[in-house]
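A short write-up of the structure that comes next.
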Amino acid sequence: MSLAFAILFYVATLVLVVGVALKIMQYSKTPAPLKIPTTPAPTTTSGVVMRMFREVVFFESLFKATIWTWIFAWAFHMGLFAVLIRHGRYFHDLLPAAIVGPLKYAAFAMIIGLTGLLIRRFAVNRVRYISAPSDYAMLILLLLIGISGAMMTFVDHVDVVGVKSYFHAWMTFDIENLILPSDMVLRIHLFLVAVLMLIFPISKLLHAPGIFFSPTRNQADNPREVRHVAEWAEKLSK
Amino acid sequence: MKVRAFEHGLLLALAVVLLSIASVSSAEEKAGWKNGTSLAATQEKSCVRDTAFMRRNHMEVIKHARIDTVRKGVRGVDGSLSECIVCHVNKDDKGVPIPVNQEGQFCAGCHQYVGVSLDCYQCHATVPTH
């Protein structure tokens, strides 16, 4: 079982890294023939950087559009961010207890946020109408990951030293010391995470790199100052 | 229709894998902890509970004693931090006990390794007192 999980994670990591890299390459090659920043938009590049920063960190446009969705989405994303930082303790020795300890409560922000977003999917009529199976699937998958993870912190403790030495052996290809603690919740958690990593490059979760390539967000509002010509059109005019 | 069948198949496969993970009864891992050990921990004689339990829940055992003894006045609960230290303290060449919260020692070794706070010793003694 320890080896099976190790192989699963080698494959999942490869799929995640290569898959997302290929997607980013695809996005960077996709033509943006039109000048379509959502107005009011900044007129300079540094303004665009600022706007993108507010968009990515504070979800500014969502805040202005739908406050309830923003509350849950932001709680979830910030919770997830904190949880990811906290999980760093299994892969390196840089995190002091003063950070690892308090961050455990981020799990609740994550779970509450996801629950809110899931309820929104079927409680708001117009949202339910446009919801696809993958919308539910991603929320449920993340929710199960969050709940199984929080279980290990708050309900049934897992052997965290065992987990860390397992992943240390995993990272150093030390097959002999690949001994995964036998907790059932841990195995469910890890399996679901591997599933998430495997489907990430073909899922809606690609909005993470995708937002940086979205023309309505990454363009400056300067069509009069600078003529916007798509790359492929530029080649034609030569 | 074909897509529906595929989705159902996928869900079924997921459920099967989850169930098989859940039902696997594996032997307790024998991973040796390289960080912070003690003579008592390497011997076969058992602690107040078995090793697997202690690795996961030692903090609950100690906390339990704290609440029972300090707040409710119940004495003689099983699990006492000072007895933990009596067995698990290491001694230097001269036979002087090394505090358990010193780097690499029985408590601190693992606590530092996984970034978990160790605040027992803000109050409690780190070496045997008797």
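This is a predicted model, so every value here is computed, not measured.
- In this structure, Lys164(A) and Tyr113(B) approach most closely via the heavy-atom pair NZ-O, 2.7 Å.
- Arg56(B) and Asp159(A) get closest at one heavy-atom pair: CG-N, 3.7 Å.
- For Val195(A), the part lying under 4.5 angstrom from a heavy atom of chain B is the side chain only.
- Looking at every heavy atom in both residues, Ala97(A) comes nearest to Ser117(B) through CB-N, 3.3 Å.
- The number of heavy atoms from other shown groups lying within 6.0 Å of NZ (Lys204(A)) is above 12.
- Other residues, nucleotides and ligands contribute more than 12 heavy atoms inside 6.0 Å of the CZ atom of Phe154(A).
- Among all heavy-atom pairs drawn from Glu60(B) and His157(A), the shortest one is OE2-NE2, 2.6 Å.
- Within 6.0 Å of the OH atom in Tyr105(A), the count of heavy atoms belonging to other residues, nucleotides or ligands does not exceed 12.
- Using a 4.5 Å cut-off between heavy atoms, Val160(A) contacts chain B through both its backbone and its side chain.
- The number of heavy-atom neighbours closer than 6.0 Å to CZ of Phe81(A), taken from other residues, nucleotides and ligands shown, is 12 or below.
- Atom CD of Gln26(A) is surrounded by more than 12 heavy atoms from other residues, nucleotides or ligands within 6.0 Å.
- For the residue pair Val100(A) and Val114(B), the shortest heavy atom distance occurs at CG1-O, 4.3 Å.
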